[in-house]
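Keep in mind that what you see is a predicted model, and the values were worked out from it rather than measured. Throughout, a chain's letter reflects where its sequence line sits, starting with A, and its residues are numbered from 1.
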Number of protein chains: 2
Amino acid sequence: MTEVRVLLVDDHPVVRAGLRAMLTGFEGISIAAEASDGKAALKELARLTALGEAPDVVLMDLQMGAGMDGVTATAAIRKLASTPPVLILTTYDTDADILAAVEAGASGYMLKDAPPEQLRQAVLQAAAGGTVLAPRAAALLMDRISNPGTSLTQREVQLLELLATGLSNRAIAKEVFISEATVKTHLVHIYGKLGVDNRTAAIAEATRRRIIRPPGAKG
Amino acid sequence: MTEVRVLLVDDHPVVRAGLRAMLTGFEGISIAAEASDGKAALKELARLTALGEAPDVVLMDLQMGAGMDGVTATAAIRKLASTPPVLILTTYDTDADILAAVEAGASGYMLKDAPPEQLRQAVLQAAAGGTVLAPRAAALLMDRISNPGTSLTQREVQLLELLATGLSNRAIAKEVFISEATVKTHLVHIYGKLGVDNRTAAIAEATRRRIIRPPGAKG
DNA sequence: CCCGGGATCAACCTTTCGGTTGATCCCGTG
DNA sequence: CACGGGATCAACCGAAAGGTTGATCCCGGG
């Protein structure tokens, strides 16, 4: 196996062209196939595997407008019998994105504005079975294990995200199938951890700390 | 005119590589230079013009993490003595993005997920002095001229910005030296114009429309 | 000169939110 | 098994926000 074969997954033709041009320009890296969303990626993966040409690494965008999103696709890929490493390549470095990706079983997390050389290293490392994280992603995970007391739980982050979309407590409750009382309890905890005393301040602070994406940002 | 010469402006190396690969693959289009932000674009423009090799069109991303943003850069370019057409190429089709771009003097507005052929047409048309708008952009502008009554006043935008920082009505009142009652009146007007019914939704909607910056965004 | 829109404020009422207390359930760790 | 943390819910209260009505002032355009 001389070459590292990559399966590109991104919904933007421009980005795919860029990654293709960039990666094929490197020694020892080639593009096995491309897909515009998660579902297509799974199909491509099956096709390549059947041909005995399974890719050595999947390069996956998290934000995809239509079709299956990156997290879902990553989780699905990791459940297959033969699972190539999935390297996440995304625009944002928010806590929620990073956590979701790692939880879904991604082998790495890189930002799209990374320099080409870093991207090359990441692809090779991931293909070799290694883990590669962008500095912020690594820092977040370290922080998460060192002092989990001050950091938000997954549930809290989830509610925070819904909060930022402008939903009321009641609407949030319906959205996640819990009671309004529980939503309020979570919010009080969130306010305490963030050091604020109302929902708008919580959104501002969480956005500043990059715990959530800016309200209205596409995902 | 033998070749349409393009100045690429985008902060992501991957996207630049994609556009370069895509555009240079077309007959009659070539890349004059590239820049990673607005300031660098102005510098490149000056350099190329001094060499007598001014580009025929500037292909500009609106969202750029660091440095001068696309709107500012577009406005700056349109103020020069010799102004090449600026074609906006962005990820989002939000109201304020489009409006801001057109206001800044852009000749066109395309989305990054447009098919390559559409992109080629757009570049050629813009270079020829024409106007080219993505369907949604065109629709928005039509709608905007037909009923302009829904736009926010300066005062309302100012209060929205304070709102997004997490301040209470009382705190906002103190901040701008008006009564809490007046703040509430303004907020009711804002909610009506944005089509929402609470402050967090107003922040989300205003952020989505790019009426205000995301809470906690870098200054 | 009158009209409209923007900004300002008050009074009033309803709904939502913030905060507390206390409780149950589940799960993983020591 | 006991303990703690996370998630769940209820009841309660005061504070804040949402919504309405009505009013004054200023300014610019028909």
Side-chain angles (χ1 to χ4, degrees), chain A residues 95-96 99-100 102-103 141 143-206 211-212 215, chain B residues 144-206 211-212 215:
Chain A
D95 289 18
L99 251 25
V102 171
E103 196 189 314
L141 295 179
D143 177 76
R144 184 50 69 111
I145 55 169
S146 61
N147 55 343
T150 55
S151 60
L152 299 177
T153 67
Q154 284 183 303
R155 192 58 151 175
E156 285 163 355
V157 172
Q158 182 191 14
L159 292 202
L160 207 38
E161 283 170 339
L162 294 173
L163 195 68
T165 66
L167 296 181
S168 67
N169 289 348
R170 187 167 301 170
I172 294 173
K174 281 184 184 169
E175 188 75 24
V176 295
F177 305 109
I178 60 179
S179 81
E180 199 177 335
T182 307
V183 173
K184 291 171 72 173
T185 303
H186 282 307
L187 289 189
V188 169
H189 292 160
I190 292 172
Y191 299 158
K193 289 180 180 178
L194 293 182
V196 299
D197 61 356
N198 68 69
R199 52 178 57 215
T200 46
I203 295 171
E205 182 63 18
I211 294 170
I212 58 172
Chain B
R144 187 49 67 117
I145 54 171
S146 58
N147 55 344
T150 55
S151 62
L152 298 177
T153 67
Q154 282 184 302
R155 192 58 153 176
E156 286 163 353
V157 172
Q158 182 191 14
L159 291 202
L160 252 181
E161 285 169 341
L162 294 173
L163 196 66
T165 66
L167 295 181
S168 68
N169 289 347
R170 187 169 302 170
I172 294 174
K174 281 183 184 170
E175 190 75 21
V176 295
F177 305 109
I178 60 180
S179 81
E180 200 177 334
T182 305
V183 172
K184 290 173 72 172
T185 303
H186 281 307
L187 290 188
V188 169
H189 292 160
I190 291 172
Y191 299 159
K193 290 182 180 178
L194 292 182
V196 299
D197 62 355
N198 67 67
R199 53 179 53 214
T200 45
I203 295 170
E205 182 63 18
I211 293 169
I212 57 173

note: A:L160, atom CG; D:dA7, atom P; distance rounded to Å ~ 13 Å
State whether B:Y191 places a side-chain N or O below 4.0 Å from either non-bridging phosphate oxygen (OP1 or OP2) of D:dG19. no
Please state how far atom NE2 in B:H189 lies from atom C1' in D:dT21, giving the value in whole angstrom units. 12 Å
B:R155 has its side chain closest, among C:dA7, C:dG18, D:dA17, to C:dA7
Nearest to the A:D197 side chain among D:dT8, D:dG19, C:dG19, which nucleotide is it? C:dG19
Side-chain heavy atoms of B:I190 within contact of B:L163, under 4.5 Å: no
For residues 172-187 of chain B, which residue pairs pass the side chain to side chain donor-acceptor pair (under 3.5 Å) check, not counting sequence neighbours? B:R170-B:E180, B:S179-B:T182
Determine, step by step, whether B:D197 and B:Y191 satisfy the side chain to side chain contact (heavy atoms under 4.5 Å, CB included) criterion, reporting the C-alpha distance in whole Å, the side-chain angles of both residues, the deciding distance to 0.1 Å, and the verdict. CA-CA 6 Å; B:D197 62 355; B:Y191 299 159; 5.8 Å; no
On a heavy-atom basis, which atom in B:I212 and which in B:E161 lie closest, and how many Å separate them? CG2-CG, 3.6 Å
Integer-rounded Å distance: D:dA17 C1' and A:R170 CZ: 15 Å
Expressed in angstrom and rounded to an integer, what is the separation of A:N169 atom CG from C:dG19 atom P? 12 Å
Test B:L194 against B:I211 for side chain to side chain contact (heavy atoms under 4.5 Å, CB included), laying out the working first. CA-CA 10 Å; B:L194 292 182; B:I211 293 169; 3.8 Å; yes
Below the 4.0 Å mark, does C:dG18 have OP1 or OP2 next to a side-chain nitrogen or oxygen of A:N198? no
Distance test, side-chain N/O of B:T153 to OP1/OP2 of C:dG5, below 4.0 Å: no
For A:I203 and C:dC17, give me the distance from atom CD1 to atom C1', rounded to whole Å. 13 Å
In Å and rounded to the nearest 0.5 Å, what is the CD to CD distance from A:Q154 to A:E156? 10.5 Å
Whole-Å distance separating the NE2 atom of B:H186 from the C1' atom of D:dT20: 17 Å
Taking atom P of C:dA7 as reference, at what distance in whole Å does atom CD of B:Q154 sit? 8 Å
Roughly, in whole Å, what's the span from CG in B:L187 to P in C:dG6? 16 Å
For DNA chain C, determine which residues of residues 176-185 of chain B have any heavy atom closer than 4.0 angstrom to one of its atoms, and list them numerically. B:I178, B:S179, B:A181, B:T182, B:T185
